[in-house]
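Both ligands and their constituent atoms are indexed starting at 1 by order of listing. Just so you know, these numbers come straight off a predicted model, no measurement behind them.
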Amino acid sequence: MKTNQALAQRDLAVLWHPCTQMHDHETMPMIPIKKGRGVWLEDFDGNRYLDAVSSWWVNLFGHGNADINAALKDQLDNLEHVIFAGFTHESAIKLAEKLVEVTPDGLTRCFYADNGSAAVEVALKMSFHYWRNQGRAAKTKFITLENSYHGETLGALAVGNVPLYKETYAPLLMDVISVPSPDCYHREVGESWADYSIRRFELMEQTLQQHADSVCAVIIEPLVQCAGSMRMYDVVYLKLLREACDKYQVHLIADEIAVGFGRTGTLFACEQAAITPDFMCLSKGLTGGYLPLSAVMTTDVMYQAFYDDYVKLSAFLHSHSYTGNALACRAGVATLEIFQQQGIIEKNRSLAQIMAKVVAARFHDHPHVAEVRQTGMILAIELVKNKATREPYPWQERRGVKVYQYALSKGVLLRPLGNVIYFMPPYIITEEELILLAEVAWQGIQHAVKA
Ligand SMILES: *Cc1c(COP(=O)(O)O)cnc(C)c1O
């Protein structure tokens with residue numbers, strides 16, 4: 001008997017889920033999904049849910065996408081996977097060629113890993129190792145922004161800065177230099193995003209000036225600190241940072257794992273600043289939300305610094321068993337073909353405008369909404385206890401969870417970050433579905449702010 005309840009019971013007997021206090025499932029039912037089509041998920045009792053968070057930001061073109069399905073079926077009939085050292089395959093080559101073509105000029109090398117955190121580890125190690133190969137072994141540190149998120153493995157966690165995920169493990173983590181964020185939620189009344197971001201950049205500049213000799217790289221999430229409550233900042237910060245990194249001889253690592261592939265209005269967020277980072281980390285949308293894969297794009301300068309006789313021991317001896325997995329790479333190729341053939345970036349521009357019109361406008365004046373902010377296909381609503389002072393709700397009250405539960409009961413999957421409700425839908429969402437989303441979010445907020 002395959003009902004929600006029967007499957008949930010079996011699940012809870014043997015599974016341990018990510019980012020979850022499993023005890024919560026004594027009161028909140030686990031939802032077993034039977035089928036996904038487009039923006040909709042269907043459970044075993046026949047309920048449907050609009051996937052407004054793209055299944056943790058990975059899904060771009062809907063579940064069960066016909067083009068990606070067809071590509072994967074073809075790949076499956078030929079090659080599922082092969083060792084990626086000494087051997088290669090066509091899908092890995094094609095995807096790398098396409099990534100070199102579509103990422104900012106100068107990113108000419110692609111190193112694969114199998115998830116976002118692993119890509120961050122690769123970029124950190126490569127940066128450090130580059131300086132070491134250059135005889136600059138004193139460069140061992142990384143600069144990160146407050147409120148940033150770069151993944152959960154120990155290196156990635158160390159360069160992240162969300163206390164909820166990080167604090168427990170602090171004794172295990174390498175030391176990093178944290179710089180206050182340009183997060184524009186904290187700008188003064190009347191101050192523009194650009195002015196605030198420029199003002200905040202002074203702190204970064206000072207830090208670089210002071211520590212350049214011991215710093216390998218600055219790592220940032222361009223434009224939106226996603227896991228850090230979808231906090232946003234101005235593109236001018238990226239331009240200033242690129243200039244300063246050049247000036248102080250420090251690498252710039254752009255973690256576009258969440259914001260890449262069209263989320264911010266351009267294929268990559270760095271495009272808006274017309275900058276090329278030294279390393280660009282990609283994952284999440286890379287396979288259209290189908291399979292785990294990540295890539296670190298880097299420059300020829302970086303590549304050449306490792307290229308020498310084996311006996312010099314200057315090679316980058318890092319690997320993952322599933323590096324360059326053929327199925328995942330093929331899904332990546334199919335994903336980039338959809339971008340190239342179906343005018344997705346232009347379509348997203350009008351979708352983002354619709355989202356602003358049907359969602360944002362309405363929530364501004366809500367007595368418990370401090371801010372509605374949007375960057376491209378990411379829209380966030382910040383709930384607070386007191387609109388005037390921006391005093392937040394105590395986290396223990398878990399208002400966001402109330403929105404989550406209410407929305408589920410109305411057939412919408414929202415998964416707020418604390419008290420921040422956000423929409424990050426697949427790019428195939430329709431205007432009617434956005435209207436539904438806005439309506440359910442509104443009712444959910446009304447429900448959650450009641451005493
Ligand atoms: C999700 C995320 C990661 C980590 O990726 P995983 O595949 O979950 O390990 C790293 N950086 C950013 C910006 C992310 O959003």
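Polar contact check, W57 against ligand 1: no nitrogen or oxygen pair lies under 3.5 Å apart. Ligand 1 has no N or O atom lying under 3.5 Å from any N or O atom of S283, backbone or side chain.
Using a 4.0 Å cut-off to heavy atoms of G151, the atoms of ligand 1 that qualify are 4 (C), 10 (C). Close contacts of ligand 1 with N115, meaning ligand atoms under 4.0 Å from a residue heavy atom, involve 7 (O), 9 (O). Each of the atoms 4 (C), 5 (O), 6 (P), 9 (O) of ligand 1 lies under 4.0 Å from some heavy atom of S117.
For K284, the closest heavy-atom approach to ligand 1 falls below 4.0 Å.
For the residue pair H318/K125, the side-chain donor-acceptor check at 3.5 Å is satisfied. For the residue pair E205 / Y248, a side-chain donor-acceptor distance below 3.5 Å is found, with atom types taken as modelled.
Residue-level proximity to ligand 1 for C226 is absent, since no heavy atom of it falls below 4.0 angstrom. Of all the heavy atoms of W56, none lies under 4.0 Å from any atom of ligand 1, so neither backbone nor side chain is involved.
Under the 3.5 Å distance criterion, the side-chain polar atoms of D74 are left unmatched by any main-chain donor or acceptor of A70. The main-chain N or O of M280 is never found under 3.5 Å from a side-chain atom of E256 such that the two would form a donor-acceptor pair.
The structure places CE of M204 at 7.0 Å from SG of C245, a figure rounded to the nearest 0.5 Å.
Look at R242 and D278 and you find a salt bridge, because one of the NZ, NE, NH1 or NH2 atoms lies within 4.0 Å of a carboxylate O, short of that distance.
Contact annotation for atom 7 (O) of ligand 1: protein present (non-hydrogen atoms, distance under 4.0 Å).
Two rings, from F61 and F339, have their centers less than 6.0 Å apart.
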